[in-house]
Amino acid sequence: MQRRTVLSALALAGVLPGFALAKAQPVINVYKSATCGCCTEWITHLEQNGFKVNAHNVPNTAAYRTKYGVPSALGSCHTGIIDGYALEGHVPAADIKRLLAEKPKAKGLAVPGMPMGSPGMEVEGQPSDAYDVLLFQADGKTRVYRHYAAK
């Protein structure tokens, strides 16, 4: 019995490889308007991909873009915050997971313009637009983090 207790304690502490508990995904706080349906669909996409989301209905989403350093040119309909990064617009969960794994020196990711086919902007029977997920810096500079082709 004592051996089992010691092994359990070591596993909880992450000392034993293979026995460590899986690290939970950090929470995404999303600031959105109460009436935005595509924001709700994006939140559903995040939850279906393992994220816990705290949604906050706010009267002015622009204030959160400013607060978290999202360049106005990248603005969209909602802003998410996770682990110190800003997420602007319909950023796919896979790109958020990559961001958290790589931890680049950046302010966050953005998908400006609400492109059709991005998570939360899918319409059955409608073609998807090509779009880029942009990694943005505090000075407003961006680079393409991932490109999605039109379908």
Side-chain angles (χ1 to χ4, degrees), residues 9 11-15 17 19-151:
L12 286 172
V15 174
F19 289 97
L21 299 175
K23 184 180 176 189
Q25 291 284 358
V27 173
I28 302 176
N29 283 292
V30 176
Y31 301 93
K32 65 179 201 64
S33 71
T35 58
C36 186
C38 66
C39 296
T40 302
E41 292 299 318
W42 182 64
I43 290 169
T44 299
H45 164 77
L46 296 175
E47 291 171 338
Q48 289 172 343
N49 283 278
F51 288 101
K52 177 168 176 22
V53 178
N54 290 335
H56 307 275
N57 292 326
V58 297
N60 178 9
T61 58
Y64 291 88
R65 286 190 289 282
T66 301
K67 179 178 180 178
Y68 294 110
V70 178
S72 59
L74 303 180
S76 189
C77 57
H78 56 262
T79 302
I81 303 299
I82 185 168
D83 207 20
Y85 290 106
L87 306 169
E88 185 64 23
H90 296 266
V91 178
D95 298 313
I96 299 169
K97 289 178 181 180
R98 176 182 163 203
L99 178 78
L100 295 175
E102 293 178 351
K103 298 196 180 304
K105 186 175 180 182
K107 288 298 283 181
L109 296 176
V111 175
M114 300 173 60
M116 293 303 297
S118 61
M121 293 296 296
E122 305 98 336
V123 176
E124 193 171 331
Q126 294 291 321
S128 297
D129 297 333
Y131 67 94
D132 292 326
V133 177
L134 302 176
L135 182 76
F136 63 92
Q137 305 298 325
D139 64 3
K141 291 182 182 175
T142 65
R143 73 170 174 85
V144 174
Y145 196 65
R146 183 167 179 193
H147 175 75
Y148 288 87
K151 295 180 186 177

Using atom types as modelled and distance alone, determine if a side-chain donor or acceptor of [X] lies under 3.5 Å from a backbone N or O of [Y].
X: Tyr85; Y: Pro104; result: yes
X: Gln48; Y: Leu46; result: no
X: His56; Y: Val30; result: no
X: Ser118; Y: Met114; result: no
X: Lys151; Y: Gly117; result: no

Donor-acceptor list for residues 124-138 side chains, cut-off 3.5 Å, not counting sequence neighbours:
| from | atom 1 | to | atom 2 | distance (Å) |
| --- | --- | --- | --- | --- |
| Asp129 | OD2 | Met116 | N | 3.1 |
| Asp132 | OD1 | His147 | ND1 | 2.6 |
| Gln137 | NE2 | Lys105 | O | 3.4 |

For [X] against [Y], the heavy-atom pair lying closest together:
X: His90; Y: Pro119; answer: ND1-O, 2.6 Å
X: Gly80; Y: Ile28; answer: CA-CG2, 4.3 Å
X: Gly89; Y: His78; answer: O-NE2, 2.8 Å
X: Thr61; Y: Thr79; answer: O-OG1, 4.4 Å
X: Pro112; Y: Pro115; answer: O-CD, 3.6 Å
X: Tyr145; Y: Asp95; answer: CE2-O, 3.8 Å

Would you call the rings of Tyr31 and Tyr64 parallel, tilted or perpendicular, where under 30° means parallel and over 60° means perpendicular?
-> parallel
Say whether Tyr68 and Asn29, considering side chains only, have a donor N or O and an acceptor N or O under 3.5 Å apart.
-> no
Enter the distance from Leu100:CG to Phe51:CZ here, rounded to the nearest 0.5 Å.
->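 One gets 5.5 Å once the value is rounded to the nearest 0.5 Å.
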The reported gap from CZ in Arg146 to CG in Leu109 (rounded to nearest 0.5 angstrom) is 11.5 Å
State, yes or no, whether a side-chain contact exists between [X] and [Y] at a heavy-atom distance under 4.5 Å.
X: Thr40; Y: Lys32; answer: yes
X: Ser76; Y: Val70; answer: no
X: Asn49; Y: Ile96; answer: no

State which residues pass side-chain hydrogen bond (donor to acceptor under 3.5 Å, both in side chains) with Thr142; sequence neighbours excluded, sorted by chain then number.
->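 Thr142 satisfies side-chain hydrogen bond (donor to acceptor under 3.5 Å, both in side chains) with no residue once adjacent residues are dropped.
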In chain order, what residues pass the side-chain hydrogen bond (donor to acceptor under 3.5 Å, both in side chains) check against Arg143, with sequence neighbours excluded?
-> none
Please test Arg65 against Leu74 for side-chain contact (heavy atoms from CB on, under 4.5 Å), starting from the C-alpha separation and ending with a verdict.
-> CA-CA 9 Å; Arg65 286 190 289 282; Leu74 303 180; over 6 Å; no
